[in-house]
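Written out below as structure tokens is the structure these notes cover.
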Amino acid sequence: MNTRWSEKLRRNGFGWGLVLPSLLFLCMFTYYPMLKSAGLSLFEKNLAVRNPVFVGLDNYKALLHDPVFIEVFRNNIWFAVGTVPVSMALAFALALFADKAIRGKGMVRVAFFYPNMIPMIAAASIWLFLYMPQFGLFAKFASWIAGSEVNLLGNPDTVLASLIVMTIWKEAGYFMIFYLAGMQQIPKDLYESASVDGVGVWKQQLRITIPLTMPTTLFVTVVAITNAFKWVDHLWMMTKGGPDHASSLLLYYIYETTFNFNDQGMAAAMTVVMIVMLLIISCLQFVGWERKVHYQ
Amino acid sequence: MLKQGKMALIVLVFTLIFAGCSQGNSNQAADAKGNSSTASPSTPVSATPDQAAQDPVEISFYYPVNVGGPLTKVIDSMADSFMVKFPNIKVKPVYTGNYGDNTVKIQAGVQAKQPPDVAVMMSTELYSMLDMEAIIPLDDFIAKDTDYNKDDFYPAFVEDTQADGHTYSVPFQRSTIVLYYNKDMFKEAGLDPSKPPANWEELVSDAQKLNRDGHTGLEIPGNDDSYWMFQMLARQNASDPKQSIMGDDGKKANFNTPENVEALQFWLDLSHKYKAMPEGVIDWAATPTDFIEGKTAMMMHTSGNLTNVKNNAKFDFGVAFSPANKQFGSPTGGGNLYIFKDTSPEKQAAAWEFAKYMTEPEQAALFSSSSGYVGVRQSAYDTEAMKTYTASFPQALVARDQLEYAFRELSTHNHGKVSSALTNQIQSALAGKIDAAGALKAAQEEADRALAPFNK
């Protein structure tokens with residue numbers, strides 16, 4: 001019995017020892033702030049009160065009636081709807097191309113992946129230039145279509161779409177890497193035997209590549225959706241959420257509420273809403289979809 | 001055994017790191033406590049003046065730069081010359097980005113009980129800083145210091161350093177809104193380059209004539225702090241010379257008045273009706289660039305950009321008062337020097353010494369001539385350096401002369417919410433989503449909600 005105990009302790013201890021470093025950081029920078037936000041969200045803590053006042057769920061009720069929060073939330077949904085499917089489809093196509101390309105394979109991969117290596121702030125500066133009225137490339141293109149001067153980032157009707165286009169450009173290369181890895185896992189003899197049987201190239205993709213990369217698709221979907229709620233730096237650079245909140249996203253509004261308005265209770269409540277939402281999205285991977293995507 | 005040894009090592013290392021972190025935190029907490037308790041009379045102040053002479057007091061100084069040009073060098077060199085003059089005080093200048101970033105960094109510091117000792121912040125942050133209990137009043141310093149001539153400062157700048165009968169800051173990086181115009185383009189359009197538009201009518205007709213050859217007539221930036229530009233138009237359109245869009249005690253907003261609606265309507269008309277300005281929300285930072293590159297013939301912007309324009313414009317340009325309608329008018333803008341709580345009295349005294357030095361006539365003159373910000377005190381313009389500078393570049397005097405018509409920038413409790421209520425509605429109107437009356441009505445309602453807790 002004794003030896004078994006010590007054996008168990010040794011093994012478990014070793015395991016815990018390996019996990020401990022990341023666990024410590026997770027606790028310090030993830031779980032503790034999460035709990036702290038949850039606690040803070042029950043208080044009124046802003047410039048109007050000297051000491052925080054316990055208000056229960058009032059902050060959450062106020063959120064439901066805050067037109068800006070609702071608009072920002074809606075923006076974020078549109079942002080996700082706009083960026084996720086397109087960037088994933090594009091990533092798939094790019095990966096297919098990079099996988100099959102015979103000449104200049106490396107070049108193709110680098111070309112597609114490089115937007116990812118540029119820091120968001122730098123990318124945003126470049127795109128700011130592209131969208132600049134009068135001489136930005138895209139602004140000129142838009143003016144040509146519209147037939148008059150267009151201020152893409154200064155107009156509430158076009159600003160979100162402009163940011164979506166940029167985000168797709170930035171994201172597609174990143175997701176391509178996952179797809180590329182997924183595609184290279186697929187045994188080549190499947191394609192060979194399909195060719196021998198006279199199955200066309202398009203059908204091969206439909207029947208072999210797409211089903212066999214489903215686990216990748218699931219993974220990328222979750223990453224893409226959560227990313228859509230986590231982007232913030234480009235807003236800070238390009239629009240500050242404006243004009244009139246038309247391009248503001250959840251995380252940016254939380255930042256604004258915390259630091260510009262000093263309304264920490266409300267910001268905490270919004271943080272909790274966001275965390276819960278992201279948790280639900282991540283859970284989809286483990287609960288609902290996991291079983292269905294594996295191709296048997 | 002080796003495995004176990006390694007594991008033990010890993011665990012040990014991380015325990016040490018963690019312990020180190022928490023150690024550091026508890027030290028800081030103790031520090032902060034110690035500092036706040038030194039303010040109470042029960043604990044004697046530890047450092048005597050003699051000791052202070054031996055080891056220099058170290059103070060941190062946060063400052064933003066909101067205009068083009070290498071202003072950080074100027075400010076850092078001013079701090080250096082201060083240290084030469086006061087060897088027992090060591091200043092650590094920290095450039096913190098634009099005003100917004102600067103405020104965020106300072107607020108984070110205040111909340112962590114680690115504020116800077118002295119900082120440049122927007123004059124409009126006064127009430128927020130008071131609500132956060134972050135700053136100290138300077139009345140005692142001013143009363144004690146006979147060499148601090150407070151009457152020398154321009155009254156328009158002193159106005160927003162005060163609240164509830166106390167003075168909380170020293171004017172430093174101050175500006176007004178002026179009209180920059182491209183004299184070459186004036187000539188090309190058949191206008192007299194020595195006669196800039198003096199009122200709204202002339203502004204419209206000149207801008208219309210200038211709106212040709214691939215450049216626009218006028219640009220007024222509308223993102224970021226569009227309330228600042230709006231405040232200018234509102235005052236120019238007011239029949240009451242002292243009209244203000246906020247109450248004197250920072251607890252009231254007066255956005256939704258017929259005259260203000262007219263003012264906002266004029267701004268919208270400039271693009272939509274008169275076609276004298278590009279439509280939509282014009283970018284604050286891009287406007288001076290547009291002017292320098294000849295994309296616009298005129299712009300309304302902070303006088304703080306004067307040196308930037310002077311150094312980079314390849315054409316002859318003029319500077320004029322913002323055109324009047326019923327009267328001239330421009331809000332003052334920019335930042336003051338604040339001294340913070342939660343540091344030691346020695347540091348606060350050193351910070352005061354620094355604030356005083358930075359606004360001495362010679363320093364004010366140097367800072368003004370290298371930026372375009374207004375020299376904050378009258379005697380700055382009597383210095384030799386300033387006389388030489390303005391003799392060869394009289395445009396630099398316009399912002400100062402306009403001070404006669406200058407007034408306090410929108411400054412209220414809950415300033416972040418109140419100002420963004422107005423800014424967002426103005427943007428919405430500029431983008432054509434809402435009309436002038438609707439925008440100001442909505443802004444008023446939102447501001448009233450944000451100010452309600454302070455009017456209880």
Side-chain angles (χ1 to χ4, degrees), chain A residues 10-11 13-25 27-28 44-50 66-68 71 128-129 131-136 148-159 236 238-246 248 255-264 266, chain B residues 3-4 6-8 10-11 13-15 17-18 21 100 103-105 107-108 111 127-128 130-133 214-216 222-224 226 278-283 286 290 293 295 413-417 419-420 423-434 439 446 450-454 456:
Chain A
R10 207 173 67 88
R11 274 199 207 167
F14 181 65
W16 280 106
L18 288 179
V19 174
L20 194 67
S22 32
L23 200 63
L24 270 177
F25 280 97
C27 288
M28 273 195 303
E44 180 183 358
K45 184 168 187 259
N46 55 32
L47 285 173
V49 290
R50 282 278 186 268
D66 178 359
V68 178
E71 187 183 345
L128 200 58
F129 186 74
Y131 285 144
M132 196 167 267
Q134 292 168 51
F135 59 96
S148 66
E149 191 66 43
V150 180
N151 186 351
L152 288 167
L153 295 178
N155 185 332
D157 298 327
T158 54
V159 64
W236 190 87
M238 296 172 79
T239 65
K240 302 263 194 258
D244 191 26
H245 302 296
S248 190
Y255 164 86
E256 217 181 7
T257 309
T258 316
F259 293 109
N260 291 353
F261 307 157
N262 258 293
D263 198 340
Q264 308 211 7
M266 281 300 261
Chain B
K3 267 187 192 169
Q4 251 182 326
K6 270 187 185 167
M7 182 205 82
I10 292 170
V11 173
V13 165
F14 279 93
T15 322
I17 289 174
F18 191 57
C21 290
T103 306
V104 167
K105 279 173 191 145
Q107 282 173 351
Q111 276 162 12
Y127 291 106
S128 301
L130 289 177
D131 290 336
M132 291 175 82
E133 298 183 327
H215 55 74
T216 58
N223 67 337
D224 273 359
S226 36
E279 291 185 7
V281 179
I282 299 170
D283 188 69
D290 284 356
E293 290 176 1
K295 293 198 174 68
H413 288 279
N414 225 339
H415 176 257
K417 266 192 186 158
S419 63
S420 79
T423 293
N424 285 324
Q425 290 303 329
I426 291 172
Q427 286 184 4
S428 198
L430 287 172
K433 267 175 74 181
I434 191 169
E446 210 176 321
L451 287 169
F454 300 93
K456 271 179 196 161

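We name chains A, B, ... by the order of the sequence lines, and we start the count at 1 in each one. Everything numeric here is computed off the predicted structure, so don't read it as measured data. Because only heavy atoms are used, hydrogens play no part in the values below, and waters and symmetry mates are left out as well, while side chains stay in.
Of the inter-residue distances, the one linking Leu430(B) atom CG with Ile282(B) atom CD1 reads 8.0 Å to the nearest 0.5 angstrom. Atoms NE2 and CG, from His415(B) and Asp131(B) in turn, are 12.5 Å apart once rounded to the nearest 0.5 Å. The NZ atom of Lys295(B) lies 10.0 Å from the OG1 atom of Thr216(B); values are rounded to the nearest 0.5 Å. Here the CG atom belonging to Asp283(B) is positioned 11.0 Å from the CE atom belonging to Met238(A), to the nearest 0.5 angstrom. Atoms CD and CD1, from Gln427(B) and Ile434(B) in turn, are 13.0 Å apart once rounded to the nearest 0.5 Å. Atom-to-atom distance recorded for Ser420(B):OG and Lys240(A):NZ is 13.5 Å, nearest 0.5 angstrom.
Looking at Asn262(A), only its side chain comes within 4.5 Å of chain B, counting heavy atoms on both sides. For Glu256(A), no part lies near chain B; criterion is any non-hydrogen pair under 4.5 Å. Of the two parts of Gln111(B), only the side chain, counted from C-beta on, holds a non-hydrogen atom closer than 4.5 Å to a non-hydrogen atom of chain A. With a 4.5 Å cut-off on non-hydrogen atoms, Asn46(A) does not touch chain B at all. Of the two parts of Lys417(B), the backbone and the side chain both hold a non-hydrogen atom closer than 4.5 Å to a non-hydrogen atom of chain A. For Ser226(B), no part sits under 4.5 Å from any heavy atom of chain A, backbone or side chain. With a threshold of 4.5 angstrom between heavy atoms, Thr103(B) does not approach chain A through any atom at all. Using a 4.5 Å cut-off between heavy atoms, Leu130(B) contacts chain A through its backbone alone, with no side-chain atom that close.
Note: Val281(B) leads Asn414(B), Asp290(B), Val281(B), Thr423(B) in heavy-atom pairs under 4.5 Å with chain A. Ranked by heavy-atom pairs under 4.5 Å with chain B, the first of Ala246(A), Gly154(A), Gly241(A), Pro67(A) is Gly154(A). Heavy-atom pairs under 4.5 Å with chain A peak, among Pro453(B), Ala108(B), Ser428(B), at Ser428(B).
Under the 30°/60° scheme for interplanar angles, the aromatic rings of His413(B) and Phe454(B) are found to lie parallel.
Tested against Tyr131(A) for a side chain to side chain contact (heavy atoms under 4.5 Å, CB included), the candidates Thr239(A), Leu152(A), Val150(A) yield a single pass: Leu152(A).
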